[in-house]
Structures are given as structure tokens and as C-alpha cells.
Amino acid sequence: MRAAFASRFDDANPLAALTVGEQPEPTHPADDWVTVQVRASSLNHHDLWSLRGVGLRAEQLPMILGCDAVGVDPDGNEVVVYPVIPTPGDPRGVSILSEHFPGTLAERVAVPRSNLLALPAGLAAADAACLPTAWLTAWRMLTTRGRVDEADAVLVQGAGGGVATAAVALAVAMGKRVYATSRDAAKRARIAELGATAVEPGARLPERVDVVIETVGAATFDHSLKSAAPMARIVVSGATSGHEPKVNLRRVFAMQLEILGTSMGTPVELAALLAFCAERGVRPVVDTVVPFSEVADAFARLHSGDVFGKVVVDHTA
Ligand SMILES: NC(=O)c1ccc[n+]([C@@H]2O[C@H](COP(=O)([O-])OP(=O)(O)OC[C@H]3O[C@@H](n4cnc5c(N)ncnc54)[C@H](OP(=O)(O)O)[C@@H]3O)[C@@H](O)[C@H]2O)c1
């Protein structure tokens with residue numbers, strides 16, 4: 001079957017490590033696994049990390065990339081794939097599709113049957129394919145970890161990204177005052193259209209916020225600390241610009257800040273997110289939809305950083 005996979009690692013030029021070509025059909029590591037015919041998937045920064053060799057070992061190559069999928073199960077049901085798989089050998093106890101088990105950027109993907117959720121009526125496959133990784137991460141950052149129901153104001157850093165646009169759209173839909181930073185003036189204009197107050201990175205906000213959504217890391221972390229109100233939660237799920245920022249501990253204890261790590265979300269949280277989007281009419285921010293034949297161009301677009309929202313791959317085209 002056709003697939004997009006890491007054939008080697010290249011830290012300096014991850015696009016050179018990507019191959020689009022034939023890979024073997026999925027196998028089932030256990031009896032409760034099923035094969036899903038993929039209809040739509042979306043790219044994540046995670047796929048670029050994989051091509052750089054972050055989280056993968058050379059002996060795991062070739063590895064089919066992709067964490068997100070919407071497709072059809074063996075009984076003909078339209079399903080959303082929850083991408084977190086129990087993985088006893090992994091220190092986390094779990095892994096995300098494309099880390100230990102082949103990913104979703106293929107004609108077919110195998111997962112445990114319990115990882116399938118029904119595609120809600122009214123939600124298009126291309127939209128739902130944005131939800132299981134970036135949007136689920138943003139949902140858990142805001143709700144379970146950030147306790148956004150106790151918050152009035154939220155700051156989202158690096159707001160052009162997949163997780164970040166999700167956090168902006170969800171926090172606005174939840175009725176919060178949302179501030180968002182982006183390095184790019186055009187992206188700031190689009191963030192404003194989503195209902196947030198867009199500012200340049202590092203800008204002083206009109207108020208301190210109760211929840212900060214951090215995926216950028218070193219480049220923005222000091223601003224996250226300075227923007228946080230007393231007792232605020234700074235929720236971290238990524239570190240695109242570097243994972244070793246300087247942290248002013250005086251500010252952490254004096255302002256009684258919580259710095260919380262988080263990764264992905266639970267199946268219950270994904271079901272809640274799907275229901276929220278279906279019932280509230282919230283739809284993912286989609287940068288582009290490309291046919292599978294142009295998946296390499298889609299990776300280049302993500303790598304350029306010139307995206308606003310999610311890059312979706314249509315596997316039916
Ligand atoms: N832990 C998890 O479960 C989980 C799940 C999903 C993602 N993540 C992580 O979260 C991060 C974002 O993922 P994504 O898929 O949303 O990525 P993405 O769509 O590629 O977005 C990355 C965004 O980060 C900002 N950025 C990058 N470099 C920056 C810099 N030097 N200074 C300021 N801003 C910078 C950019 O925003 P502007 O251009 O607007 O400034 C960019 O749009 C990645 O590191 C990813 O690995 C983690």
C-alpha cells in the first residue's frame with residue numbers, strides 16, 4: 001500500500017528523510033486489533049520530529065508517519081482513530097501511532113478496536129482528522145490541566161500552529177478572553193478573526209492571565225511567566241523552539257504559579273471534544289487540504305512554518 005514514511009533521520013533537513021512509496025499491509029499484534037481504511041489524516045509537528053530522529057531509533061525504520069486518522073472500520077462504520085496505544089516497553093506505558101506502531105499516513109492503519117470512536121454526524125472527515133492529536137492536546141491543556149472553567153483570561157503562545165489555533169478557537173468558544181502571540185503579522189490578523197486579541201511575541205498584555213498554553217518553549221517561556229496572574233497555570237505540551245528555557249523561580253513561587261506538563265489526552269476527552277465540536281459548531285482551523293499524492297509538499301509547508309492551522313491530507317483523492 002502507498003504510505004509516507006521516515007526512511008532515515010535527518011536533523012538538519014527532515015524533509016530529506018521522508019519517502020513516499022510502497023509499504024507492507026498492516027499486521028495485527030493482538031486479536032483485538034482491526035484495520036481501518038484511512039479517508040483523511042492530518043500532519044503534526046510530531047511528524048517532523050520523527051524525521052529528525054526524535055523519539056525513534058534507527059532499527060525502527062522504515063516507520064510510517066502520521067498520528068491522526070478518520071476512516072472506515074471493517075464493519076463499514078465511519079470512525080475517528082484515537083492514536084494513543086498501550087505500549088508496555090515504553091517508559092510512558094503508551095505510545096502515539098508512528099512511534100512504535102505504523103502511523104496513519106497510509107492507505108490503511110491497524111489499531112486496537114477500543115481505539116475507534118464513531119464519527120459524529122455533521123462533522124466532515126477532513127475536520128475530524130484534525131482533532132485526535134493537536135486539538136485533543138489543546139482540549140486537555142485547557143480543561144483537565146489548565147482548569148479553564150476557573151479562568152477569565154487565557155494566553156496562547158505561537159498561535160499560528162496546530163495546537164495553538166485549536167487552543168484559541170476552543171477558548172474563544174468557551175467564552176474566555178483570549179490573547180495570542182504570533183511572530184507573523186498576517187497570522188496575527190487571522191488570529192484576531194478567530195476572536196482573540198493578537199499581539200507580538202513578548203508584548204505586555206492588558207491584564208495577567210489565568211492559563212497559558214505553551215508549545216513554543218524557550219522563545220516564549222519568560223513571557224509566559226511574566227504574563228501569568230497569581231495562581232495561574234502554565235500548561236506545556238511542546239517546545240518547538242527549544243526545551244531548556246531559563247525559568248525565573250522567584251516568579252514561580254512568589255506568584256504561586258503551576259507549571260504543568262501534558263501529553264495528548266484520554267479517549268473520554270477525545271469523545272468530549274468530538275461532541276463539543278459537533279454540538280457547538282466549532283470547526284478546526286484548516287490551513288490546507290492536499291491529496292495524498294502531494295503529501296511531500298504538505299510536509300514542506302509545515303516545515304516552512306508558514307501554516308495557519310492544520311494541514312489535512314485527503315486519502316480519497
Ligand atoms: N505533547 C503532546 O501531546 C503534543 C501534541 C501535539 C503537539 N505537541 C508539540 O507542540 C508543538 C506544536 O505542535 P504543532 O503540531 O501545533 O506545530 P506547528 O503547527 O508546526 O506550529 C508550531 C508553531 O510554533 C511557533 N514557533 C515555532 N518556532 C518558534 C519560535 N522560534 N519562536 C516563536 N514561535 C515559534 C509558530 O507560531 P507563529 O509562527 O505563529 O509564531 C508555529 O506556528 C510541537 O513541538 C509538538 O511536538 C505535543
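None of the values given here were measured: they were computed from a predicted structure. First listed ligand is number 1; within each ligand, the first listed atom is number 1.
Side-chain contact, Gln157 with His223: a donor N or O sits under 3.5 Å from an acceptor N or O. Checked by atom type, the side-chain pair Arg140/Thr262 shows a donor-acceptor distance below 3.5 Å. Between the side chains of Glu214 and Ser237, no donor-acceptor pair of N or O atoms lies under 3.5 Å. Thr104 and Asp68 form no side-chain donor-acceptor contact under 3.5 Å, judged by distance and modelled atom types alone. No hydrogens or angles considered: a donor-acceptor pair under 3.5 Å links the side chains of His315 and Ser41. Under the 3.5 Å distance criterion, with hydrogens and angles disregarded, no donor-acceptor pair is assigned to the side chains of Lys226 and Asn248. Between the side chains of His46 and Glu99, at least one donor N or O lies within less than 3.5 Å of an accepting N or O.
Put simply, the side chain of Gln60 gets close to the backbone of Arg57: a donor and an acceptor are under 3.5 Å apart.
Distance from atom 45 (O) of ligand 1 to its nearest protein heavy atom, with residue and atom name: Thr240 OG1, 2.9 Å. Looking only at heavy atoms of the protein, atom 19 (O) of ligand 1 is closest to Gly162 N, 2.8 Å.
Residue Leu302 has no nitrogen or oxygen atom sitting less than 3.5 Å from a nitrogen or oxygen atom of ligand 1, judged on distance alone. Of the polar atoms of Ser237, at least one N or O is found under 3.5 Å from an N or O of ligand 1, judged by distance alone. Inclusion of His46 in the set of residues having an N or O under 3.5 Å from an N or O of ligand 1 is not warranted. Ligand 1 has a nitrogen or oxygen under 3.5 angstrom from a nitrogen or oxygen of Arg183.
Residue contacts with ligand 1: Asp184 is excluded, as none of its non-hydrogen atoms falls under 4.0 Å. Ligand 1 is never approached by Leu43 to a heavy-atom distance shorter than 4.0 Å. Not a single heavy atom of Pro201 sits closer than 4.0 Å to an atom of ligand 1.
Counting atoms of ligand 1 from 1 in the listed order, those under 4.0 Å from a heavy atom of Trp49 are 44 (C), 45 (O), 46 (C), 47 (O). Counting the atoms of ligand 1 from 1 in the order shown, those under 4.0 Å from a heavy atom of Thr262 are 1 (N). Short contacts between ligand 1 and Ser241, defined as distances under 4.0 Å to a heavy atom of the residue, involve ligand atoms 30 (C), 31 (N). If you number the atoms of ligand 1 from 1 as listed, the ones under 4.0 Å from a heavy atom of Gly161 come out as 16 (O), 18 (P), 19 (O), 21 (O), 23 (C), 43 (O). Atom numbering of ligand 1 starts at 1 in the shown order; those under 4.0 Å from a heavy atom of Met264 are 2 (C), 3 (O). Residue Ala239 has at least one heavy-atom neighbour below 4.0 Å for each of these atoms of ligand 1: 45 (O).
Looking at Ser182 against ligand 1, both its backbone and its side chain come within 4.0 Å, counting heavy atoms.
Here the side chains of Leu43 and Val313 are in contact, with some heavy-atom distance below 4.5 Å.
The side chain to side chain contact (heavy atoms under 4.5 Å, CB included) test applied to Ala300 returns Leu15, not counting sequence neighbours.
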